[in-house]
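Shown next, in structure tokens, is the structure this report addresses.
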2 protein chains.
Amino acid sequence: MADYDVFVADCPARSALDVIADTWSVVVVYALGEGPRRYSDLRERIGGISKKMLTQTLRKLERRGVVERRSLATAPKGVEYRLTNLGRSLLEPVSVLARWAEEHAEELAGDPPD
Amino acid sequence: MADYDVFVADCPARSALDVIADTWSVVVVYALGEGPRRYSDLRERIGGISKKMLTQTLRKLERRGVVERRSLATAPKGVEYRLTNLGRSLLEPVSVLARWAEEHAEELAGDPPD
DNA sequence: CAGTATCCTATCGGATACTG
DNA sequence: CAGTATCCGATAGGATACTG
């Protein structure tokens with residue numbers, strides 16, 4: 001019936017999750033989906049993220065080739081982040097996930113954190 | 001352009017991830033996508049999962065309403081797990097994730113674990 | 001057969017303070 | 001402005017041993 005296998009190492013859904021499963025990655029990708037943003041604007045746009053976690057998340061997404069960092073020479077100077085092509089291609093799967101959660105919000109509502 | 005917001009608590013993609021982001025959940029859901037399975041068969045089918053993690057993952061998915069547990073009276077006795085309707089509805093978003101990872105396998109190949 | 005119970009390490013992520 | 005550095009508590013998850 002199914003022609004995929006279910007060993008973790010080979011499970012492709014798991015490789016996708018390696019990119020986006022942590023607390024902040026999808027949120028950052030969402031935020032950058034609107035267009036390039038400076039570090040400080042990102043922090044404002046995203047509620048409650050510490051500088052540590054924002055930097056850490058951006059660095060990881062950079063290594064994965066999902067975002068790109070570039071320094072701005074224009075005043076006021078700063079740093080801008082944007083999605084790469086790979087990053088933009090992530091928006092669709094993430095939105096499918098989001099739609100699923102919205103459609104099943106009630107079923108998911110009642111359960112304890114973990 | 002985008003009309004979603006990006007605060008974690010409200011980010012629907014994050015609620016979906018709360019269900020599937022851990023190491024084994026998607027793998028278990030995949031495996032159960034083939035049909036009901038007994039505990040021991042699941043463990044065989046899934047490579048390298050400990051009893052502890054299998055049980056823990058199944059319990060969590062049960063609480064989330066994604067899988068259902070039922071005892072088998074027939075010999076040999078045992079326990080069977082199956083996807084609920086909610087669980088089956090998860091197969092699509094997960095496979096979208098999987099397809100994304102497969103399509104971008106090379107881009108993702110080169111990077112360090114974290 | 002289908003779990004518990006323990007122990008142990010590694011990483012996650014928040015808080016705070018400091019820097020070029 | 002865009003980070004580092006440090007400390008800390010709370011999970012995540014592997015290994016092993018025991019149980020009804």
Side-chain angles (χ1 to χ4, degrees), chain A residues 6-9 11 14 17-29 31-32 36-64 67-82 111-114, chain B residues 6-9 11 14 17-29 31-32 36-64 67-82 111-114:
Chain A
V6 282
F7 294 84
V8 235
C11 179
R14 272 262 22 116
L17 289 177
D18 286 340
V19 179
I20 57 155
D22 56 43
T23 306
W24 297 105
S25 287
V26 279
V27 186
V28 169
V29 169
L32 288 177
R37 290 279 180 275
R38 333 174 121 245
Y39 182 88
S40 45
D41 293 348
L42 264 179
R43 269 202 84 206
E44 255 184 82
R45 188 87 180 79
I46 301 176
I49 190 172
S50 64
K51 288 190 278 186
K52 178 191 168 187
M53 288 317 296
L54 179 53
T55 302
Q56 196 174 111
T57 303
L58 286 166
R59 294 279 179 280
K60 178 189 147 193
L61 293 173
E62 243 187 299
R63 279 198 311 277
R64 300 281 199 265
V67 310
E68 230 174 57
R69 193 192 109 112
R70 86 179 54 177
S71 302
L72 301 176
T74 65
K77 279 189 295 186
V79 177
E80 195 184 69
Y81 291 89
R82 63 181 63 208
D111 48 9
D114 251 339
Chain B
V6 283
F7 293 84
V8 234
C11 179
R14 272 259 26 113
L17 289 177
D18 285 340
V19 179
I20 57 155
D22 57 43
T23 307
W24 297 105
S25 287
V26 278
V27 185
V28 169
V29 169
L32 289 177
R37 289 280 180 274
R38 334 174 120 246
Y39 183 87
S40 45
D41 294 349
L42 264 180
R43 269 202 84 204
E44 256 183 80
R45 188 87 181 79
I46 301 175
I49 190 172
S50 66
K51 288 190 277 187
K52 178 191 167 187
M53 288 317 295
L54 179 54
T55 302
Q56 196 175 111
T57 303
L58 286 167
R59 294 278 178 281
K60 179 189 147 191
L61 292 173
E62 243 187 298
R63 279 198 310 276
R64 300 282 199 264
V67 310
E68 229 175 58
R69 193 192 110 113
R70 86 178 54 177
S71 302
L72 300 176
T74 66
K77 281 188 294 187
V79 177
E80 195 182 71
Y81 291 90
R82 64 182 62 209
D111 48 9
D114 250 341

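Naming convention: chains lettered A, B, ... in sequence-line order (proteins, then strands); numbering from 1 in each chain. From a predicted model like this one, the values you see are computed outputs, not experimental measurements.
Set against D/dG14, C/dG3, C/dG14, the side chain of B/Thr55 has C/dG3 as its closest nucleotide.
Note on A/Ser50: every side-chain N or O is 4.0 Å or more away from OP1 and OP2 of C/dA15. A close approach under 4.0 Å does not occur between any side-chain nitrogen or oxygen of B/Arg38 and OP1 or OP2 of C/dC1. Distances shorter than 4.0 Å separate some side-chain N or O of A/Arg59 from OP1 or OP2 on D/dT4.
Between A/Ala21 and A/Lys51, the residue whose closest nucleotide on DNA chain C is further toward the 5' end is A/Ala21. Along DNA chain D, the nucleotide nearest A/Arg69 and the nucleotide nearest A/Lys52 are compared for position; the residue whose nucleotide lies closer to the 5' end is A/Arg69. Taking the nucleotide of DNA chain D with the nearest heavy atom to each of A/Leu72 and B/Asp22, the more 5' of the two is matched to A/Leu72.
Note: CG (A/Asp18) to P (D/dA12) measures 16 Å, nearest angstrom. When rounded to the nearest whole Å, the span between CD of A/Glu80 and P of D/dG3 equals 12 Å. Distance, B/Lys77 NZ to C/dA2 P: 12 Å, rounded to whole Å. Rounded to a whole Å, the CZ atom of B/Arg70 is 20 Å from the C1' atom of C/dG3. The OH-C1' distance, from B/Tyr39 to C/dA2, rounds to 6 Å in whole Å. The distance between atom CD of A/Gln56 and atom P of C/dT11, rounded to the nearest whole Å, is 12 Å. The CE atom of A/Met53 sits 19 Å away from the P atom of D/dA2 (whole-angstrom rounding). Here the C1' atom of nucleotide D/dG13 and the CG atom of B/Leu54 are 14 Å apart, to the nearest Å.
Of all heavy-atom pairs between B/Ser25 and B/Val19, the closest is OG-O, 3.6 Å. Closest approach of A/Ile46 and A/Val27 over heavy atoms only: CG2-CG1, 3.8 Å.
Remark: the backbone N or O of B/Ile49 is paired with a side-chain donor or acceptor of B/Arg43 at under 3.5 angstrom.
Shown here, D/dG9 forms a base pair with C/dC12; the pair counts as Watson-Crick or G-U wobble because both key distances fall under 3.5 Å. Nucleotide C/dA5 forms a pair with D/dT16, judged by Watson-Crick or G-U wobble geometry with both contacts under 3.5 Å.
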Criterion side chain to side chain contact (heavy atoms under 4.5 Å, CB included) on B/Leu72 and B/Arg38, from CA distance to verdict: CA-CA 9 Å; B/Leu72 300 176; B/Arg38 334 174 120 246; 3.6 Å; yes
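Across all strands, B/Arg43 comes closer than 4.0 Å to no nucleic acid atom at all (heavy-atom distances).
Of the candidates A/Asp18, A/Thr55, A/Asp22, A/Asp22 is the only one forming a side-chain hydrogen bond (donor to acceptor under 3.5 Å, both in side chains) with A/Lys60.
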